[in-house]
*Asks:* 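Sharing a structure here in structure tokens format.
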Amino acid sequence: MIRCADSTEASQQAKESNLWLPRGAGCSYGDAAILDQGHLLLLDRPQVSETSSESSDSVIVSSALTLRNLLSTLASEGLTLPVVPGVLDATVGGLIAADAHGKNHLNRGSFRDVTDSFQLLLSSGEVVDCDRSHNQELFEGTIGGVGLTGMILAAQLQVIPFAGPRALVEVTSTPDLETSLDQLHRQAQRQEHVAAWIDPTSSGASFGRGIVVAGTPVTGSGNEKTVWNLSRGCPFPPGLGRMLTPRTLRWHNQLRHGFTRGGDHSRPWKLDQLLFPLERWSNWKRLYQPRGFHQHQSLLPPESSPQAIRNLLKMACSGALGPTLVVAKCMRSGGGWLSFPDQGITLTMDIRADQDSENLLRRLNEEVADQGGKVYLAKDSTLTPGLLARMYPDLSRFKDLRQRIDPDRKIASNLSRRLDL
Ligand SMILES: Cc1cc2nc3c(=O)[nH]c(=O)nc-3n(C[C@H](O)[C@H](O)[C@H](O)COP(=O)(O)OP(=O)(O)OC[C@H]3O[C@@H](n4cnc5c(N)ncnc54)[C@H](O)[C@@H]3O)c2cc1C
């Protein structure tokens with residue numbers, strides 16, 4: 001890994017390296033941020049999380065800034081980002097390269113919708129400015145392009161007023177999959193941030209029962225409007241992973257659902273609890289020690305989503321443990337040639353790694369393609385070139401662009417090699 005102090009050094013490294021890949025904070029679940037036998041180029045974190053304003057509704061920031069630092073700095077100025085994914089350690093560069101989304105995709109879209117422009121370092125070492133009308137192909141190819149067009153150095157992002165660090169949240173338990181999806185749709189029309197937790201361990205008529213959590217920020221007063229505590233959570237207790245079995249998972253889900261059923265409610269929450277539930281624990285991945293886990297995230301188009309989700313859940317449950325966490329969110333149509341967001345429902349499943357998990361992921365990928373959906377590249381490690389072509393209709397435009405700007409494929413990743421990008 002090569003740390004570059006600034007864009008001049010990054011440009012020099014890009015010229016000198018035969019094989020490189022831009023790297024953010026390494027939060028991607030799959031192999032999009034990994035390059036065997038090459039250099040990972042990393043822009044050093046700014047010492048101070050500076051933002052400079054081009055206008056009152058946008059800021060220019062270094063791509064190395066983390067979401068945690070950016071949101072804290074913006075909050076102190078009474079501002080925030082319209083789109084906030086659930087991972088505070090990710091960098092601005094990584095979030096644009098994944099075209100990341102939050103729980104409000106239906107209302108606000110993804111990072112593509114809030115990125116006005118960026119500076120891109122090409123494989124040649126040249127730096128170009130890109131926006132929707134200038135170097136438009138580079139703009140569309142880079143957003144969601146998992147780092148393969150070059151390194152984003154800085155970006156101009158839209159900002160909105162920050163209401164304050166609280167939200168009014170409605171929590172509703174649902175008795176089966178159909179009701180979970182109906183409630184998800186209903187709440188996504190009414191509230192800003194909405195997601196459904198789905199319980200795949202329940203069987204028979206209650207298969208796919210869930211809890212829909214929907215919240216909208218509420219306006220705070222005085223000091224509260226400028227303070228957002230985004231500190232790291234408590235350490236996850238070691239050794240808990242050994243207790244993760246199909247039976248304990250079923251008990252956990254029963255308890256969780258039963259607890260909510262007893263008290264569907266609407267009450268104020270801390271906004272970070274709504275947006276970043278995993279950040280409550282500083283190292284929750286310990287739960288999956290020693291082999292780790294995969295996260296499979298797919299997008300199913302509206303016409304096929306209820307049946308497709310049922311099929312995917314049933315398939316995932318055929319694994320040794322079954323998915324440990326399942327979340328569904330609504331999406332609207334998107335853009336960006338390799339961008340993931342599109343109209344439909346996105347289903348995310350955490351799957352503990354074992355000797356069969358990769359085969360399971362491949363079967364899930366086939367099912368997603370058969371249902372006209374797609375798999376999120378920032379979380380993928382098992383797609384094939386054939387499936388990718390079925391899922392991403394603008395793939396040939398992306399490959400043409402790559403051929404023109406980087407014919408020798410100086411920029412590569414394990415993902416780009418596997419998918420022949
Ligand atoms: C707990 C958790 C929650 C998550 N929640 C969400 C969510 O709610 N919504 C969502 O959409 N995603 C989510 N993700 C996925 C995450 O947003 C993406 O994986 C994101 O790309 C991570 O950013 P990073 O800085 O860690 O990038 P890395 O993982 O380092 O890199 C990701 C990709 O971006 C490229 N890249 C990184 N920096 C640059 C740059 N400066 N210029 C060009 N390319 C670059 C890399 O080459 C790589 O292909 C989550 C991940 C985790 C771990």
Side-chain angles (χ1 to χ4, degrees), residues 1 4 7 10 14 20-35 38-45 61-70 83-105 109-112 115 118-123 127 130 138 141-155 193 195 233 274-285 287 292-295 297 299 325 327 329 331 334 336 338-341 346 348 350 376-381 411-416 419 421:
M1 184 142 16
C4 307
S7 52
W20 61 277
L21 178 71
R23 167 90 165 201
C27 294
S28 311
Y29 287 95
D31 54 9
I34 299 174
L35 172 61
H39 294 131
L40 293 174
L41 292 196
L42 192 75
L43 205 54
D44 246 348
R45 301 261 154 87
V61 294
S62 159
S63 68
L65 203 59
T66 62
L67 191 58
R68 190 186 304 276
N69 287 342
L70 178 54
V83 171
V84 180
V87 51
L88 286 168
D89 287 328
T91 62
V92 168
L95 292 169
I96 297 175
D99 192 10
H101 59 277
K103 292 184 169 110
N104 61 350
H105 193 264
S110 60
F111 253 69
R112 176 174 180 273
T115 302
F118 51 77
Q119 248 187 359
L120 186 69
L121 168 64
L122 300 175
S123 65
V127 176
C130 309
L138 281 173
T142 300
I143 297 187
V146 278
L148 298 173
T149 55
M151 179 192 265
I152 299 159
L153 299 171
H193 303 284
L274 174 67
L275 299 185
F276 318 109
L278 283 173
E279 299 281 347
R280 250 177 291 167
W281 301 103
S282 62
N283 46 7
W284 53 270
K285 290 176 192 157
L287 183 62
F293 75 112
H294 304 274
Q295 190 171 89
Q297 184 167 0
L299 182 280
L325 181 66
V327 175
K329 294 180 276 191
M331 286 193 151
L338 287 193
S339 280
F340 171 72
T346 174
T348 306
D350 285 4
Y376 193 2
L377 293 184
K379 301 186 176 181
D380 167 60
S381 53
I411 302 180
S413 62
N414 286 10
L415 177 139
S416 76
L419 295 178
L421 280 169

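In this text the structure is predicted, and so the values were computed from the model without any measurement. Residue numbers start at 1 and run along the sequence shown. Remember, it's 1-based here, ligands and their atoms both numbered in the order they're listed.
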*Asks:* How are the rings of F340 and Y376 set relative to one another: parallel (under 30°), tilted (30 to 60°) or perpendicular (over 60°)?
*Replies:*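 Because their plane-to-plane angle is under 30°, the rings of F340 and Y376 count as parallel.
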*Asks:* Heavy-atom distance under 4.5 Å between the side chains of C130 and T142, does that happen here?
*Replies:*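 Side chain of C130 against side chain of T142, heavy atoms only: no contact under 4.5 Å found.
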*Asks:* Students should find this: residues with any non-hydrogen atom under 4.0 Å from ligand 1. What is the answer?
*Replies:*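 Protein residues near ligand 1 are L21, P22, R23, G24, A25, G26, C27, S28, Y29, A32, A33, S63, P85, G86, V87, A90, T91, G93, G94, L95, A97, A98, A100, H101, V146, G147, G150, M151, I152, L278, W284, K329, Y376, A378, K379.
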*Asks:* With D89, which residues qualify under salt bridge (charged side-chain N to carboxylate O under 4.0 Å, His left out), at least two apart?
*Replies:*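 By the salt bridge (charged side-chain N to carboxylate O under 4.0 Å, His left out) rule, D89 matches R68, R232.
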*Asks:* Does D31 have any salt bridge (charged side-chain N to carboxylate O under 4.0 Å, His left out) partners at least two apart in sequence or in another chain, and if so, which?
*Replies:*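 So D31 forms a salt bridge (charged side-chain N to carboxylate O under 4.0 Å, His left out) with R418.
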*Asks:* Using side-chain hydrogen bond (donor to acceptor under 3.5 Å, both in side chains) as the criterion, list what pairs up with K379, not counting sequence neighbours.
*Replies:*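 K379: side-chain hydrogen bond (donor to acceptor under 3.5 Å, both in side chains) contacts with Q295, Q297.
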*Asks:* Is any side-chain heavy atom of I152 closer than 4.5 Å to one of P22?
*Replies:*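 With C-beta onward as the side chain, the pair stays apart.
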